[in-house]
Peer 1: 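Here you go, one structure.
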There are 2 protein chains.
Amino acid sequence: MDATPSASLTPAIAPDHPGVPELFAVLAYGEISAFYRLAEEAQLSPTLRGKVAVAKMAAAEMGHFTTLERALSERGLDVFDSMAPYVRALDAYHASTNPSTWQESMVKLYVGDGIAADFYREIAGALAPEVAEIVRDVLAETGHSQFVVDEVRHAVASSRRAKDRLMLWGRRLLGEAITQAQFVLAQREELTDLVITATGDLSNIIALFDRMQRSHADRMAVLGLV
Amino acid sequence: MDATPSASLTPAIAPDHPGVPELFAVLAYGEISAFYRLAEEAQLSPTLRGKVAVAKMAAAEMGHFTTLERALSERGLDVFDSMAPYVRALDAYHASTNPSTWQESMVKLYVGDGIAADFYREIAGALAPEVAEIVRDVLAETGHSQFVVDEVRHAVASSRRAKDRLMLWGRRLLGEAITQAQFVLAQREELTDLVITATGDLSNIIALFDRMQRSHADRMAVLGLV
């Protein structure tokens, strides 16, 4: 990972920064919506093996949710009240990127989760260790990336048309993710303050988005989408 | 639990009985189909709280699936090949008991899982300890029963009509479960042999079904359905 201002030794963000529970809350609703999206999209799988692989990923999301629920509860906060402000933006992201094929679902899983993980890991660099640990925990790979990569590479190798479609799809995922992230930040002051404090200033936020675009291109390449 | 012939000190069924992997396989596919049924039925929940409670139960089913997958793998068997013979009967059970309301879904969860657990726990009494432990592990409560009981009791207390419908629904669940269990046993020799060895003889099987009906009535009473 690049050396960034957020990687300084003294955490920029105190554990009691009001944006911390907001961060936990948006991550928590992300886990719930990922769970239901995965469970639904698994129906697109042509094989029981694929359905089971996706069900395991969905189950791992609920483990992460429980971690965040506990972290909020230790701060005296109810996870459902805390998540409420994020329901609309995350639902909108999923509604606007509803896969119509199994391959689109796999690309969304790999690329969409990758974009989110990049963003939150950069923020984690500026958090107090006990907070950063929770964030990194819930971003941990669910151990099925290789399955996803194989499924997509196989489809891409056998059809030029599938490849073209999936390349456009990947671009759309990045665009929608950034749109919804900006929508959330525009609405939630404490979270915006946390992100700005974490990155340093506005030019650093722009640099962060540049790094995210490069990582996105790398992930597309891993999937054979270049 | 009643003293039954299956509770004798020497296990009636050796760990290498050919019905043991069959038992693991039917349980494994039961977990997968429960996962997808729960994830789908959660959409019926009027609240996010209900959706999350159900998502946690679904995630617990996948933990159980992994236990069974490992147990089969340790016996040199592939979980997918092993499950194949049970797909049709379990899918048929779920298709014939597809809930149309959130309350029906909750009753099915409580009553349907209870019937299955009764049956498998009786069998477990005749298994070698290392096999019985796996069976009991995967039947463990997922810790959300009280949530389910509260949801149903609330609905039943507020509407006589809801109560009548749910009582009929509970009866139908029992009937369909027994129908599909008989269908499975008629088709799978090794599993049938295991069940007959576990229970002792045919009259004991009838006694087992009687006990299951009584436990079913008890569960219906807990839900306020008397």
Peer 1: Not counting sequence neighbours, list each pair that qualifies as a side-chain hydrogen bond (donor to acceptor under 3.5 Å, both in side chains) and has a residue in residues 130-140 of chain B.
Peer 2: none
Peer 1: Can you name the side-chain contact (heavy atoms from CB on, under 4.5 Å) partners of B:Leu191, sequence neighbours left out?
Peer 2: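 With sequence neighbours excluded, B:Leu191 shows a side-chain contact (heavy atoms from CB on, under 4.5 Å) to B:Glu22, B:Leu23, B:Val26, B:Tyr86, B:Val184, B:Leu185, B:Arg188, given in chain and number order.
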Peer 1: Can you tell me if B:Arg171 has over 12 outside heavy atoms packed within less than 6.0 Å of its CZ?
Peer 2: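 No, CZ of B:Arg171 has 12 or fewer neighbouring heavy atoms, counting only those of other groups under 6.0 Å.
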Peer 1: Considering heavy atoms only, which positions within residues 33-44 of chain B lie below 4.5 Å of chain A?
Peer 2: B:Phe35, B:Tyr36, B:Ala39, B:Ala42, B:Gln43
Peer 1: Among A:Ile115, A:Leu127, A:Leu27, which residue meets the side-chain contact (heavy atoms from CB on, under 4.5 Å) test with A:Tyr120?
Peer 2: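 Result for side-chain contact (heavy atoms from CB on, under 4.5 Å) with A:Tyr120: A:Leu27.
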Peer 1: For the pair A:Asp118 and A:Arg219, find out whether any cationic side-chain nitrogen is under 4.0 Å from an anionic carboxylate oxygen.
Peer 2: yes
Peer 1: May I ask you to list the residues in residues 92-102 of chain A that approach chain B closer than 4.5 angstrom, counting heavy atoms only, ordered by number?
Peer 2: none
Peer 1: Please determine whether the number of non-hydrogen atoms from other residues, nucleotides or ligands lying under 6.0 Å from atom CD of B:Glu189 exceeds 12.
Peer 2: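 No - once you tally the heavy atoms of other residues, nucleotides and ligands closer than 6.0 Å, there are 12 at most.
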Peer 1: If I measure from the heavy atoms of chain A, does B:Leu48 come under 4.5 Å with its side chain, its backbone, both, or neither?
Peer 2: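 Both parts, heavy atoms under 4.5 Å.
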Peer 1: With a 4.5 angstrom heavy-atom cut-off, could you sort out which part of B:Thr66 is near chain A: side chain, backbone, both or neither?
Peer 2: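 For B:Thr66, side-chain heavy atoms alone lie under 4.5 Å from chain A.
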Peer 1: In Å and rounded to the nearest 0.5 Å, what is the CE to CD distance from B:Met212 to B:Glu122?
Peer 2: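 Taking CE in B:Met212 and CD in B:Glu122, the distance rounds to 8.0 Å.
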Peer 1: Nearest 0.5 Å, what's the CD1-CZ distance between A:Ile32 and A:Phe65?
Peer 2: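 If we round to the nearest 0.5 Å, A:Ile32:CD1 and A:Phe65:CZ are 4.0 Å apart.
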Peer 1: Could you check A:Met83, A:Met62, A:Glu61 and say which one makes a side-chain contact (heavy atoms from CB on, under 4.5 Å) with A:Glu31?
Peer 2: A:Glu61
Peer 1: What's the shortest heavy-atom distance between B:Ala124 and B:Ala132, and which atoms?
Peer 2: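 The pair with the smallest heavy-atom distance is O-CB, 3.5 Å.
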